[in-house]
Number of protein chains: 2
Amino acid sequence: MPVPPPLQRSRIFDGLTDAEREQWLGRATRVTLKRGETLARQGEPARHFYLVETGFLKVLQLTVEGTELIVRFVGAGEPFGGVVALGNAPYPVTATATQPSVMRAWTRESLATLLAATPQVSVNIMREMAAHMTDALTRVRELTTARVGPRLAQTLLRLARQCGERHPEGVLISQPLTRQEFADLTGTTLYTVSRTLTKWETMGLLQTRQRLVLLRSLPRLEEIAGSDED
Amino acid sequence: MPVPPPLQRSRIFDGLTDAEREQWLGRATRVTLKRGETLARQGEPARHFYLVETGFLKVLQLTVEGTELIVRFVGAGEPFGGVVALGNAPYPVTATATQPSVMRAWTRESLATLLAATPQVSVNIMREMAAHMTDALTRVRELTTARVGPRLAQTLLRLARQCGERHPEGVLISQPLTRQEFADLTGTTLYTVSRTLTKWETMGLLQTRQRLVLLRSLPRLEEIAGSDED
DNA sequence: CGGTGGCCTTGCGCTGGCGCAACGACGCGC
DNA sequence: GCGCGTCGTTGCGCCAGCGCAAGGCCACCG
């Protein structure tokens, strides 16, 4: 049985032999999710470690008052729940499929066994986590120092890196996102997002149709992201 | 040679026998820092893993433009640099002593050897890191939703947890911090911090002398922190 | 003891961006 | 084709909080 490419290329398996990869994948079960279904709920005990085979997840944190924070998106080849499944803390976040998705899942026990056999993977998981940490700190820094314009530009560029598709006229952010979601990611309101995007659209920097955004000039967006103007 | 108490109690060594602890500490070297000296600089290769024996560190992230973000403080018994020392990424942050400090240091190589012998420690490190992640996300959420008042109250309460000392009239934040530092931690300006603290002082919620803050009513501060008023 | 430098306070004017309200566009189901 | 629900746009008023500028307090030093 051939292993699907995205899993082969997952950074989680960096430095492993093909045999070791097979060993991991042989122990996994498959979970399929419909659009909108939830994989893990904040507060529930973390029983599994997941890897996205195909699809896309939205990771949320819910506050006591019910407001939600979009933590990140998880695409093909990316892991979810690695660290918590090792300790015995509950999931600190909720993960929901934003499109039909197929996951590979390992139980805590399999994970422990496999990590003991191939310790390189735990280093890879930590590396992944360190990257998320850097991301989170970048967000904090931007929120405390940058104005809305640059922050929104950053958000667009980050999304382009995470789920951008090459397109004849630029880079298309392949995930449909509402204005509210852009606002949540940027730390502003849907009104300001709407106003700013329409302004940039008239300037020719990008193009929006429905919930999709096509970035037409990465350099100029990077310029905005780096400056303190919008 | 008796092991200093703060290290004994470090969460990093949870689940270890006394002998295993001794094994770790026997491999460590001691580093002493004067006030203001820097232990690790952002961008430098991460060669060591540290544990604070006594003292206090300020962890900063510097932006390209030179603005600095206070990431966290590290007190006695707490680790620094655990994850990066495992991978081969450079330090993502700078750590500076805010008072005379004594550290224990392990090289990458010792760390790898010791972790192989006592894998529980890597789980402990990950747990620690997960806590920092939660902290960072809490900060992001607060910055995007809460007003300055509640955020500042949160900051004070967090500091009280990290380095609070019982005091006949309340809890004293044992670290001297400038208004600018409170502002950096809260995501506001020194002006607003000053105004808010003086207001709370007249209300009897707290008392400031020099750079020290004495919290006199945790319940009322928690109330402010949780509401959307100030 | 007077000077110097670092930190804190506070009055004041200004504005970025929030958020209501009203309306428009689009897709979907019946 | 019509109605309904979701999402996006935009005019407008408003205010939280920023940041300058001026002044005060305090510690430290020669």
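Letters go in sequence order (proteins before strands), and every chain restarts at 1. Just so it is clear, the model here is predicted, and its values are computed rather than measured.
Per the geometry, OH belonging to B:Tyr191 stands 12 Å off C1' belonging to C:dC7, to the nearest Å. Following rounding to the nearest Å, A:Arg209 (CZ) and D:dG8 (C1') show an atom-to-atom distance of 15 Å. One atom, CG of B:Leu212, and another, P of C:dC8, lie 11 Å apart when rounded to the nearest Å. Put simply, CG on B:Asp184 is 12 Å from P on D:dC18, counting in whole angstrom units. The distance from atom CG of A:Leu152 to atom C1' of C:dG17 is 13 Å, rounded to the nearest whole Å. Atom CD of A:Gln180 and atom P of C:dG19 are 10 Å apart (whole Å). The distance between atom CG of A:Leu190 and atom P of C:dC20, rounded to the nearest whole Å, is 10 Å. Summarising the geometry, the separation between CG on A:Leu143 and P on C:dC18 is reported as 11 Å, rounded to the nearest angstrom.
Residue-to-nucleotide contacts include a donor-acceptor pair under 3.5 Å from the side chain of A:Arg195 to the base of C:dG19.
B:Thr198 has a side-chain polar atom (N or O) that falls below the 4.0 Å cut-off from OP1 or OP2 of C:dT10. Taking only side-chain nitrogens and oxygens, A:Thr188 comes nearer than 4.0 Å to OP1 or OP2 of C:dC18. For the OP1/OP2 pair of C:dC18 and a distance below 4.0 Å, the side-chain nitrogens and oxygens of A:Thr192 include at least one atom meeting the criterion. Contact check, B:Thr178 against C:dC7: no side-chain N or O comes under 4.0 Å of OP1 or OP2.
Remark: the A:Thr98 side chain and the A:Gln175 side chain contain an N/O donor-acceptor pair separated by less than 3.5 Å. No hydrogens or angles considered: nothing links the side chains of A:Thr96 and A:Glu37 as a donor-acceptor pair under 3.5 Å. A:Asp184 and A:Gln180 form a side-chain donor-acceptor contact under 3.5 Å, judged by distance and modelled atom types alone.
Ring geometry for B:Tyr91 against B:Phe80 counts as parallel: the plane angle stays under 30°, on a 0 to 90° scale with 60° as the upper cut.
Listed nucleotides C:dC7, D:dT10, C:dC26 differ in distance to B:Arg211; the shortest reach to its side chain belongs to C:dC7. Here the nucleotide nearest the side chain of B:Arg179, chosen from D:dG19, C:dC8, D:dC7, is C:dC8. You'll find that the side chain of B:Arg147 is closest to D:dA16, out of D:dA16, D:dG8, C:dT10. Checked against C:dT9, D:dA27, C:dG16, the side chain of B:Gln210 finds its nearest nucleotide in D:dA27.
Here the shortest heavy-atom pairing between B:Leu190 and B:Ala183 reads N-CB, 3.6 Å.
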